[in-house]
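Remarks on the structure that follows.
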Protein chains: 2
Amino acid sequence: MTSVNGLSRLAAPPHVANLLGVALERLREQILAGAERPFPGLRVSHYRLLDMIPPEGARITDLAAHAGMTKQGLGQHVDYLQERGYAESARLEGDRRVRLVRRTEKGDEATAFARAAIARVEQEWAERLGAERYADFRQALVELGVGQPTR
Amino acid sequence: MTSVNGLSRLAAPPHVANLLGVALERLREQILAGAERPFPGLRVSHYRLLDMIPPEGARITDLAAHAGMTKQGLGQHVDYLQERGYAESARLEGDRRVRLVRRTEKGDEATAFARAAIARVEQEWAERLGAERYADFRQALVELGVGQPTR
DNA sequence: TATTGTTATACTCTATAACTATA
DNA sequence: TATAGTTATAGAGTATAACAATA
């Protein structure tokens, strides 16, 4: 990254977009957990989906709306998770068009793992900034996320 | 998103990953500028690349390292931008393997636009949180991004 | 007819592998 | 032989369009 062939180094006064991107990347790395990979088939998008399924289960349409994606795309992820035993689903009695999606026990474990990974990063950040500054940072994020047009 | 078919709403106690994601999404939206689209062919990834090209130009290899992506992937974006007149490139005298990439004037305009879009969002955030809290927030992000394993 | 979910297809972003030209 | 960049290909993530089953 140093000067090569007489060309100076790249301009990089990081703006918020970059900063947020780096922080998010750090979380992704922790969730994938490097070489460990406790849940080999799972990618970050799958952890995200598993995480948003409530204990009673949810409909594909609602999950899609909540994730801000299409039913088609979300349904594909559900199939993927179901094939690998992280989720299960059944047609709803009373309205057989609806597929009620639930996490399996294995899906619960994966979700717990991902949440723990995120908690580890938050822990590290809190140590780096100090508990109070980190709490402020987090609170600021919450306030910035409220009432924003998600799409 | 409300209760349907007797199913309760989705669990969504947003964790940092979600919060960061929402914030980043807000920036992306502003850069794409909804229906306006001042630079129709440009996607967020292109603005990012344009933004990291210094005035003297840069080599593909260096840009790739800086962006944390492969030369192949980056080179593809460069071609895309060049075809549309946002970037230009020439083999370097003294080492003709090297392609020196520069922004065109149109590329400069696009970059200025993207930076202004980001500035608008920062402005809005600063108003929402207050200037001081926003400055703290931003500073926290800077510190969290320092010394992290980018890849 | 409206709604839920599916199948088919395509685009975006990025990666790996194999290659060419130049040094 | 090493380095800069390219061509070919693939996979991950998501979208649009057209459809089937059920209500």
Side-chain angles (χ1 to χ4, degrees), chain A residues 1-2 4-7 21 24-25 28-29 31-32 37 40-50 52 57-84 87-101 150-151, chain B residues 1-2 4-7 21 24-25 28-29 31-32 40-50 57-84 87-101 150-151:
Chain A
M1 199 85 77
T2 348
V4 186
N5 283 327
L7 305 178
L24 208 45
E25 182 54 28
R28 296 179 57 90
E29 283 164 14
I31 290 170
L32 295 181
R37 289 263 180 171
L42 294 188
R43 303 187 297 258
V44 172
S45 56
H46 302 130
Y47 286 110
R48 238 198 306 157
L49 168 51
L50 282 173
M52 68 174 63
R59 308 163 4 134
I60 291 197
T61 298
D62 290 346
L63 288 169
H66 188 256
M69 48 186 289
T70 59
K71 295 187 289 181
Q72 297 94 313
L74 196 123
Q76 210 167 286
H77 279 322
V78 168
D79 290 343
Y80 183 95
L81 291 171
Q82 187 159 337
E83 284 162 19
R84 284 156 186 82
E88 61 192 7
S89 64
R91 295 288 165 174
L92 198 69
E93 320 206 9
D95 188 345
R96 302 223 338 237
R97 290 173 305 179
V98 174
R99 200 170 137 201
L100 188 64
V101 183
T150 307
R151 188 145 294 258
Chain B
M1 199 86 78
T2 348
V4 186
N5 283 327
L7 304 178
L24 208 44
E25 183 53 29
R28 297 178 56 90
E29 283 164 13
I31 290 170
L32 295 180
L42 295 187
R43 304 186 297 258
V44 172
S45 57
H46 302 131
Y47 286 110
R48 238 198 304 158
L49 168 51
L50 283 173
R59 309 163 2 133
I60 292 197
T61 299
D62 290 346
L63 288 169
H66 188 256
M69 50 186 288
T70 59
K71 295 186 290 183
Q72 297 94 312
L74 196 122
Q76 208 168 288
H77 279 322
V78 168
D79 291 343
Y80 183 95
L81 291 171
Q82 187 158 339
E83 283 163 19
R84 284 157 185 80
E88 61 193 7
S89 64
R91 295 287 164 175
L92 199 68
E93 319 206 12
D95 188 344
R96 303 223 335 239
R97 290 172 305 179
V98 174
R99 201 171 137 199
L100 189 64
V101 184
T150 308
R151 189 146 292 257

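Fair warning: this is a prediction, and the values are worked out from it, not measured in the lab. Note on naming: letters A, B, ... go to the chains in the order of the sequence lines (proteins, then strands), and numbering restarts at 1 for each one.
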Would you tabulate the nitrogen or oxygen pairs shorter than 3.5 Å linking the protein to nucleotides 18-23 of chain C?
unit_1, atom_1, unit_2, atom_2, d
C:dA23, OP1, B:Arg96, N, 2.9

Restricting to ring pair (Phe, Tyr, Trp, His ring centres under 6.0 Å), what partner residues turn up for B:His77, sequence neighbours left out? B:His46
Interface polar pairs with nucleotides 11-13 of chain D, N/O, under 3.5 angstrom:
unit_1, atom_1, unit_2, atom_2, d
D:dA12, O3', A:Arg43, NE, 3.4
D:dG13, OP1, A:Ser45, OG, 3.4
D:dG13, OP2, A:Arg43, NE, 2.3
D:dG13, OP2, A:Arg43, NH2, 2.8
D:dG13, OP2, A:Ser45, OG, 3.3

Could you tell me how far apart B:Asp79 (CG) and D:dA8 (C1') are, to the nearest whole angstrom? 14 Å
Can you measure A:Arg91 atom CZ to C:dT3 atom C1' for me and round it to whole angstrom units? 12 Å
Surrounding CZ of B:Arg91 (heavy atoms of other residues, nucleotides or ligands, distance under 6.0 Å), is the total greater than 12? yes
Residue A:Arg96 excluded, over 12 heavy atoms near CZ under 6.0 Å: no
A:Arg48 CZ to A:Met52 CE distance, which is reported to the nearest 0.5 Å: 7.0 Å
A:Lys71 NZ to D:dA18 P: how many Å, rounded? 15 Å
Could I get the full list of side chain to side chain contact (heavy atoms under 4.5 Å, CB included) partners for A:Arg97, not counting sequence neighbours? A:Asp95
Under 4.0 angstrom between B:Thr70 side-chain N/O and C:dT14 OP1 or OP2: no
Can you list everything that forms a side chain to side chain contact (heavy atoms under 4.5 Å, CB included) with B:Leu24? Sequence neighbours excluded, please. A:Leu20, A:Leu24, B:Leu27
Sort and list the pairs that fulfil salt bridge (charged side-chain N to carboxylate O under 4.0 Å, His left out) and have at least one residue in residues 65-81 of chain B, not counting sequence neighbours. B:Asp79-B:Arg99
Rounded to whole Å, CG of B:Leu74 lies from P of D:dT7 at a distance of 15 Å
Using whole Å, report how far CZ of A:Arg99 lies from P of D:dT22. 15 Å
Whole angstrom is fine here: how far is it from OH in B:Tyr80 over to P in C:dT14? 13 Å
Atom-pair distance (CG on B:Leu32; C1' on C:dC11), nearest Å: 15 Å
Between C:dT4 atom P and A:Arg59 atom CZ, what is the distance in whole Å? 5 Å
So how far is it from A:Arg43 CZ to A:Ile31 CD1, rounded to the nearest 0.5 Å? 14.0 Å
Results of side chain to side chain contact (heavy atoms under 4.5 Å, CB included) for A:Glu88 - residues two or more places apart only: A:Arg102, A:Thr104
